[in-house]
Amino acid sequence: MSNFAQLKKSNDNLSRLLGEVEKVNSPQQSNNSNNDDRFWRPELDKSGNGYAVIRFLPESDGEELPWVRLFNHGFQGPTGKWYIENSLTTLNEKDPVAEYNSVLWNSGTEANKDIARKQKRRLSYIANVLVVSDPKHPENEGQVKLFKFGKKIFDKIMDQMKPSFEDETPINPFDPWKGTNFKLKIRKVEGFTNYDKSEFDSVSGLFEGDDSKIEALWKTQYKLQDFLAPSNFKSYDELKAKLDLVLNASADVPSYTPSAPVKQQTVEETVPWVAEEKSTPQVAKTETSTADDEDDEAMSYFSKLASED
């Protein structure tokens, strides 16, 4: 049996996907996509609004999930230097910022908790999508692209797979045969990018269920596990050295020593509101910053600043 035939035979894998979500959400980044032409994002108008229609695609050949989950940190230290790095917690490994945030949070002072909040890790997901409609750039339509998004959109996916009400039927949005298109609606609300109006359409088969067209498209998908390759992450010691440089051993906050027996417990795991990823990443006061971790434009700019240090 071909890999594609196996995909169709086992396409009713909603329970497995939900099981994998439970795994990654249990207590236990991100890559810069702005200069990678494999990634797609809608162009916004002058008011900060945008609209497009995409279709989330199934897991690629040889992969188990149709998405990867990534964490990174982005903040400016008291030295004025920037820390913009992928977090090793993505790989379920020790990360110096996660450990240091625990030290700050457990210090018991509100000032240190505020610092931990500003340094919290940022959550993002990457998935393969088919661009169905892109009014600003119709040349993208019909192409397979990588789409990077945050918890707000992932929650909408979960609402489809695991609806809150008994009269709603679970739907796997990644299913080419029994999935659904996603209408991405972006607005500017109180100066911040907002995705609340985004919604899934009614159930429809991709290419009206034509297996040959679906298989041809499936073969063009990108490998998502590549984003979890060790080459995309610095070692613990490299990250610790960068963190020390950015913090410059500030005397105003508890010091962090690598040899200290710090329990591997992140502030995201100990404080519910952090896990919800609802607060604004306080990396700097700038007009390009948004309240949603799904917008990486500000972080891309700060990353350039950090590379110049």
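The heavy-atom pair separating Thr89 from Ala98 by the smallest distance is CG2-CB, 4.0 Å. Contact between Pro176 and Ile214 at its shortest, heavy atoms only, is CB-CG2, 3.7 Å. Contact detail for Trp82 and Val246: the closest heavy-atom pair is O-CG2, 3.5 Å. The nearest pair of heavy atoms linking Lys188 to Ser47 is CB-O, 3.3 Å. Shortest non-hydrogen contact noted between Lys197 and Lys185 is O-CD, 3.3 Å. Residues Pro42 and Leu184 come closest through the heavy atom pair CG-CD2, 3.7 Å.
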(message) Working note: Lys118 + Phe75, criterion side chain to side chain contact (heavy atoms under 4.5 Å, CB included); need CA distance, chi angles, decisive distance, verdict.
(response) CA-CA 7 Å; Lys118 293 174 182 178; Phe75 57 88; 5.5 Å; no
(request) Begin with the C-alpha distance, continue with both residues' side-chain angles, and end with the deciding distance and a verdict on side-chain hydrogen bond (donor to acceptor under 3.5 Å, both in side chains) for Asn49 and Arg187. (result) CA-CA 4 Å; Asn49 301 324; Arg187 301 178 297 150; over 6 Å; no
(request) Please assess Trp67 against Phe154 for the test ring pair (Phe, Tyr, Trp, His ring centres under 6.0 Å), listing each intermediate value before the final yes or no. (result) CA-CA 10 Å; Trp67 69 76; Phe154 191 76; 5.3 Å; yes
(message) Test ring pair (Phe, Tyr, Trp, His ring centres under 6.0 Å) on Phe147 and Phe39; report intermediate values, then the result.
(response) CA-CA 6 Å; Phe147 180 48; Phe39 281 84; 9.2 Å; no
(message) Let's go through Asn128 and Leu224 carefully: what are the C-alpha distance in whole Å and the side-chain angles of both, what is the deciding distance for side chain to side chain contact (heavy atoms under 4.5 Å, CB included) to 0.1 Å, and is it a yes or a no?
(response) CA-CA 8 Å; Asn128 281 286; Leu224 300 178; 3.7 Å; yes
(message) With side chain to side chain contact (heavy atoms under 4.5 Å, CB included) as the criterion, how do Asn72 and Phe233 come out once you've worked through the C-alpha distance, each side chain's angles and the decisive distance to 0.1 Å?
(response) CA-CA 10 Å; Asn72 80 349; Phe233 299 83; over 6 Å; no
(request) Report the C-alpha separation of Phe71 and Leu88 in whole Å, then their side-chain angles, then the decisive distance to 0.1 Å, and conclude whether the side chain to side chain contact (heavy atoms under 4.5 Å, CB included) test is met. (result) CA-CA 8 Å; Phe71 290 106; Leu88 288 171; over 6 Å; no
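In this structure, Leu245 and Tyr83 have side chains that are not in contact, with every pair of non-hydrogen atoms separated by 4.5 Å or more. Leu91 places a side-chain heavy atom less than 4.5 Å from the side chain of Leu228. At least one side-chain heavy atom of Leu243 sits under 4.5 Å from a side-chain heavy atom of Tyr100. Looking only at side-chain heavy atoms (C-beta outward), Tyr236 and Asp95 stay at 4.5 Å or farther from each other.
The side-chain tip of Arg69 does not point at the ring of Tyr125 from less than 6.0 angstrom away and within 45° of straight on.
Ring geometry for Phe200 against Phe56 counts as tilted: the plane angle lies between 30° and 60°, on a 0 to 90° scale.
Salt-bridge check for Asp114 with Arg117: passed, with a basic side-chain N closer than 4.0 Å to an acidic carboxylate O. Between Lys156 and Glu199 no salt bridge is recorded (no basic side-chain N to carboxylate O distance below 4.0 Å).
The cluster map of Ile, Leu, Val, Met, Phe, Trp and Tyr, joined by side-chain heavy atoms under 4.5 Å apart, puts Ile153 and Ile171 in different clusters. Residues Leu206 and Trp177 fall within the same hydrophobic cluster, defined by Ile, Leu, Val, Met, Phe, Trp and Tyr side chains chained together at heavy-atom separations under 4.5 Å. Val203 and Phe182 fall into different hydrophobic clusters, where Ile, Leu, Val, Met, Phe, Trp and Tyr side chains are chained together by heavy-atom contacts under 4.5 Å. Residue Leu57 is grouped with residue Phe227 when hydrophobic side chains (ILVMFWY) are merged at heavy-atom distances under 4.5 angstrom, including chains of intermediate members.
No donor-acceptor contact under 3.5 angstrom links the side chains of Lys183 and Ser198, judged on distance only. Using modelled atom types, one finds no donor on one side chain facing an acceptor on the other under 3.5 Å when comparing Asn248 with Thr79.
Evaluation of the side chain to side chain donor-acceptor pair (under 3.5 Å) test over residues 129-144, restricted to residues two or more places apart or in two chains, returns Trp40-Asp134, Glu43-His137, Asp134-Asn140, His137-Glu139. For residues 213-228, the set of pairs meeting the side chain to side chain donor-acceptor pair (under 3.5 Å) definition, not counting sequence neighbours, comprises Ser60-Gln221.
Judged by distance alone, the side chain of His73 and the main-chain N or O of Gln119 form a donor-acceptor pair under 3.5 Å. With hydrogens and angles ignored, the 3.5 Å screen pairs a side-chain donor or acceptor of Thr180 with a backbone N or O of Asp201. Side-chain atoms of Glu59 never come within 3.5 Å of backbone atoms of Glu63 as a donor-acceptor pair (strictly under, hydrogens ignored).
Taken from CD1 in Ile54 to CG in Asn181, the straight-line distance is 9.0 Å, to the nearest 0.5 Å. Rounded to the nearest 0.5 angstrom, Gln160 CD and Met158 CE are separated by 11.0 Å.
Qualifying ring pair (Phe, Tyr, Trp, His ring centres under 6.0 Å) partners for Tyr51, counting only residues two or more places apart in sequence or in other chains: none.
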